[in-house]
Amino acid sequence: MSEVYKLIHPVKHFNDYISIKTRLDGRNFDEHRNIKLNVNSIKTADASAVVKCGNTTVVCGIKLELAVPKAEEPDLGFLITNVELPALCSSKYRPGPPSDYAQVINNIVSEIIKNSKCIDLKDLCIVPDKLAWVVYCDMVCIDHDGSLVDACIIALIASFKTLLLPSVNYDTETEEIKVETNERINLKIHGLPVATSFAVYEHFQSHIILLTDPTNYEEEMCGGNGSNLIISYNKGLLCGIQKLGGGSLSTENNEEAIRLAEQHTIAVEKVINACLEGKGTNK
Amino acid sequence: MPLDFRRFNGPEDSVSYKIYTKDYLKTYDEQLKDLYDENGKRKDGRELNEARSMCMFCMFARTDMVSQAKGSAYVELRKTKVVCSVFDPREIPHQNEFRQLGQLYCEVKFAPFSCPRKRRPYVPDVEEKALSVALRQALEPAVCRHFFPNYQIDVLIYILEHDGSCLAAAINAAGLALANAAVPMFDIITSCSVAVIGNKMFIDPTEIEEHIAKNSTEVNHGIITMSVLSQLKQISDFTQIGSMDVECVTKVMEVLLKECEIIVPNIQRILVVDVVKNFELKKHLEAETKKREEILKKKMDEWRSLLNGQ
């Protein structure tokens, strides 16, 4: 019965839930979904992580390659992040080249990681001007049920924390490269960036409601462009705020959102640390 | 990798670090010896004729993996991990004529981090396209296409980790996902593959075994994948890469027929569990709805009596 109602009167259906201060899955406006995290499940990747925020599932795999550093930045390595939204994650995406939305999410994730300065590219350089690591991070979404950027960042950081760089011996005279896969060094990560997504709903033209960790249905009801507000924190410092559509925010809403994002960072940190402790040191 | 301007690209001259490691330079004979030890056991502990679907910890499959899809499945053959999702029938884009039978649009994609040797490009390469066509050929005889004329059903496969038998895992996953999506089918479709190197037959090969089978110079070498509709006793698809003589092929076919039959009870169990779960959920929901309707009715009666009393 309620599925029929959802199809025929989508806005009224949504409004009815908001009016009694609850959401479709029974959460409060500022409640997050449960996060499930697992690392090192994909052995062909040099580091991997699988995250499930409710139904949203993102798999992150890191592949390492070697290259010559750029001439204008001889002591910097490369960090290339890519978010892929294959057609199987949702009926909104068709097979083929990445859609506009996928490119937008790609950009947002890359900006967050760059601005948070969590990875120093100088750590990725082996021999200046001769050899540097290229870290290819591919985040694949298997199931898109809202809050995509949150899940991508959690998966990415969890895989960074378990990434071990093999030691490389570079002979400067013969230009010979030898890689030892048995001796590995941890990648140094500064801080722990966490993103929080919100959907901004205009309830009866004046009252603005912030929905934390929106599902796909809630994101569509609030404009259809994905999460409207994405706030990223890195150890107490803001490293990015993006607002894409949805209702307009007053300053109080803004402060509330920032406060909620801070609380969420603490929770996510606990999840990631608990998961990594469980795994211990790994190969 | 060719430049794709819709994504972030790395430096063009980046190479995998694996080519600088010691085990990359092993000769063919060394690699072949590596595959199995004196007792005839393979590298991962299985016998030569033991498939991964046999032991309980090797094959894992479940439906309802993707909440956004009509039907979905996840199959894990020890390390090979495959996700499949199936969507509702939709109109065939760019088409003018009327087709009597429905179409199946199959797409197989490898994750960039799925292959152990190198990073896969984002643009579908020849191998992915070949797998997509093979998957479509395998699924078409199993689906009742006359029930959705002029429409197409999307079957989308994503391979998260490639450790051999990708096509077999993909066909199994697609069969499960189609059944989960309530697409009418003639029979349960199962599939298995075999790698042949010389006079040895490796059932359900891992990636290393497949790699050596493809590059071997022996008389009989190659990989055969077969998919079977078990109740109807029909072979829906037969793919062979490599060169083998006729006796070898007939021997392999007998073995594969048996192996595909063995997988069927597992698939049936998963589908039954799925149906039972849905029934219980429906019963639970109906019981709750009844309770709520009774509460509402009581309130309505209260108000009605109040109104009439006034």
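Lettering of chains follows the sequences in order, A, B, ..., and the numbering in each one begins at 1. As a basis for the values below, the full set of heavy atoms in this structure was taken, side chains included, without hydrogen atoms, waters or symmetry mates. On a predicted model such as this, the values are computed, not experimentally measured, just so you know.
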Do we get [X] above [Y]'s six-membered ring, with its NZ or CZ under 6.0 Å from the centre and within 45° of the axis?
X	Y	answer
B:Arg119	A:Tyr136	yes
B:Arg120	B:Phe110	yes
B:Arg7	B:Tyr122	yes
A:Lys6	A:Tyr217	yes

Using non-hydrogen atoms and a 4.5 Å limit, figure out which bit of [X] sits close to chain B: side chain, backbone, both or neither.
X	answer
A:Ser91	both
A:Pro69	neither
A:Ile80	side chain
A:Pro98	both
A:Val68	both
A:Glu176	neither

Original post:
So, B:Arg292 and B:Glu288, do they make that salt bridge, N to O below 4.0 Å?
Top reply: yes

Subject >> Side chain, backbone, both or neither of B:Lys118 within contact of chain A (heavy atoms, under 4.5 Å) >> reply: backbone

Original post:
So what's closer than 4.5 Å to chain A heavy atoms on B:Asp88: side chain, backbone, both or neither?
Top reply: neither

Minimum side-chain heavy-atom gap [X]-[Y] below 4.5 Å:
X	Y	answer
A:Asp213	A:Arg27	yes
B:Phe87	A:Ser90	no
B:Gln95	B:Asn150	yes
A:Val50	A:Lys52	no

What residue in [options] has the most heavy-atom pairs under 4.5 Å with chain A?
options	result
B:Ser85, B:Ala69, B:Pro11, B:Pro124	B:Pro11
B:Thr289, B:Thr21, B:Ile19	B:Thr21
B:Ala111, B:Ser67, B:Pro116, B:Ser72	B:Ser67

Subject >> When A:His144, A:Lys70, A:Arg94 are compared by non-hydrogen pairs under 4.5 Å with chain B, the top option >> reply: A:Arg94

**OP:** Under the ring-ring contact (aromatic ring centres under 6.0 Å, His included) rule, collect the residues that match up with A:Tyr17, sequence neighbours excluded.
**Re:** A:His13

Original post:
Considering heavy atoms only, which positions within residues 100-112 of chain A lie below 4.5 Å of chain B?
Top reply: A:Gln103, A:Asn106, A:Asn107, A:Ser110

Original post:
Where do A:Ala132 and A:Cys125 come nearest, in terms of heavy atoms and distance?
Top reply: CB-CA, 4.1 Å

**OP:** Go through the steps to decide whether A:Thr44 and B:Ser114 satisfy the test side chain to side chain donor-acceptor pair (under 3.5 Å), and finish with yes or no.
**Re:** CA-CA 6 Å; A:Thr44 51; B:Ser114 56; 6.0 Å; no

